[in-house]
Amino acid sequence: MRHASTRGPADPLAPPPSRARQERGIRTEEAILAATLRLVAARGVHGTSLDAVAEEVGVAKSSILWHFGSKEELLLRVAERVLDEVVRGPVQRILALPTLEERAQASFRFFAESVRERPEMRRLVLYLIFEAVEERPELRVRLQHLYRRIRELYEAGLASDVRDPAVRRRLAIISVAAFDGIFLQWLLDPDAIDLEALHLELRTFGRARASRSRKGAKT
């Protein structure tokens, strides 16, 4: 998802950029985003300076600022890009599964793999959340939009089984909150949080609840 650029207003008398120049600009932005993601995975957010990104890409730091305006905007664009890739790939495969139980299992598997194997995602999420809390209203709005999209994806996964939109919305909020809580606990004490065992417990709980619901419907 792309957002309005943070660059200054263009000179109305300046000629429009050529197609080749526009394409070069897009390639440069893509290279900057990819390099930032690699560096965050290797060094963490605080170890990923604009100077380091510029060196990785082979451009001037001023070029990064011209394209993105600030480090926070760059990191937001990286997070949005990662979410877009997840939506186009894993989410579509999960939503295509025929039953709610299969979708729930696949969602947890994807969550567990991401937590363990995608350090850049862990670091970006934590950094952006805490930056948004620190009196950064513009960052908070963008992060709210990201979370809203995530909740909408959960609602979509419930659509075939939960008819009431209000109930779907509440269940999506609870689901995202549960994943957030597990994520934070795992970060703080990964040796104490067995994701596979937790997955099994949740599956058992879900099946027991579904069984009680079916029995209640028959009586």
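Since the model is a prediction, treat every value here as computed from it, not as a measurement.
Here the straight-line distance linking atom CG of L37 with atom CZ of R77 works out to 13.5 Å at 0.5 Å rounding. Taking CG of L124 as the start and CZ of R122 as the end, the distance is 11.5 Å to the nearest 0.5 Å. Atom CG of L198 and atom CD of E201 lie 7.5 Å apart (nearest 0.5 Å). Interatomic distance, CG of L33 versus CZ of R38, reported as 11.0 Å (0.5 Å rounding). The distance from atom CG of L75 to atom CD of E80, rounded to the nearest 0.5 Å, is 11.0 Å. Atom OH of Y154 sits about 8.0 Å away from atom CD1 of I94, to the nearest 0.5 Å.
Heavy atoms only, all atoms of each residue included: K71 and V45 are closest at NZ-O, 2.9 Å. Nearest heavy atoms, T28 versus S63: CG2-OG, 4.2 Å. The heavy-atom pair separating E29 from F68 by the smallest distance is O-CZ, 4.0 Å. Contact between V57 and A31 at its shortest, heavy atoms only, is CG2-O, 3.7 Å. Scanning all heavy atoms of the two residues, the minimum distance from I193 to W186 falls at O-CD1, 3.8 Å. Of all the heavy atoms in L50 and I64, the pair that sits closest is O-CD1, 3.6 Å.
Residues E120 and V82 fail the side-chain proximity criterion, which asks for heavy atoms closer than 4.5 Å. Looking only at side-chain heavy atoms (C-beta outward), V115 and L187 stay at 4.5 Å or farther from each other. By the 4.5 Å heavy-atom criterion applied to side chains, I150 and L83 are counted as neighbours. Looking only at side-chain heavy atoms (C-beta outward), L195 and I182 come within less than 4.5 Å of each other.
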Which pairs of donor and acceptor atoms, one on a side chain in residues 156-179, lie under 3.5 Å apart (sequence neighbours left out)?
| from | atom 1 | to | atom 2 | distance (Å) |
| --- | --- | --- | --- | --- |
| S160 | OG | R103 | NH2 | 2.9 |
| D161 | OD1 | R103 | NH2 | 2.6 |
| D164 | OD1 | A166 | N | 2.9 |
| R168 | NH1 | V162 | O | 2.7 |
| R168 | NH1 | R163 | O | 3.1 |
| S175 | OG | L171 | O | 2.8 |

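Counting heavy-atom neighbours within 6.0 Å of E55 CD, excluding the residue itself, gives a total of 12 or less.
Side chains of E102 and T99: a donor on one and an acceptor on the other come within 3.5 Å.
Hydrophobic clustering of Ile, Leu, Val, Met, Phe, Trp and Tyr side chains at less than 4.5 Å, counting indirect connections, unites F130 with L74.
Salt bridge annotation for E85-R81: present, with a cationic side-chain nitrogen under 4.0 angstrom from a carboxylate oxygen.
A search for side-chain hydrogen bond (donor to acceptor under 3.5 Å, both in side chains) contacts involving D194 returns nothing, not counting sequence neighbours.
Judged by distance alone, the side chain of R123 and the main-chain N or O of V40 form a donor-acceptor pair under 3.5 Å.
Pairs of residues two or more places apart, or lying in two chains, never qualify as ring pair (Phe, Tyr, Trp, His ring centres under 6.0 Å) while including a residue from residues 18-40.
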Could you go through the side chain to side chain contact (heavy atoms under 4.5 Å, CB included) check for Q105 and L97 one step at a time? CA-CA 10 Å; Q105 290 180 32; L97 293 171; over 6 Å; no
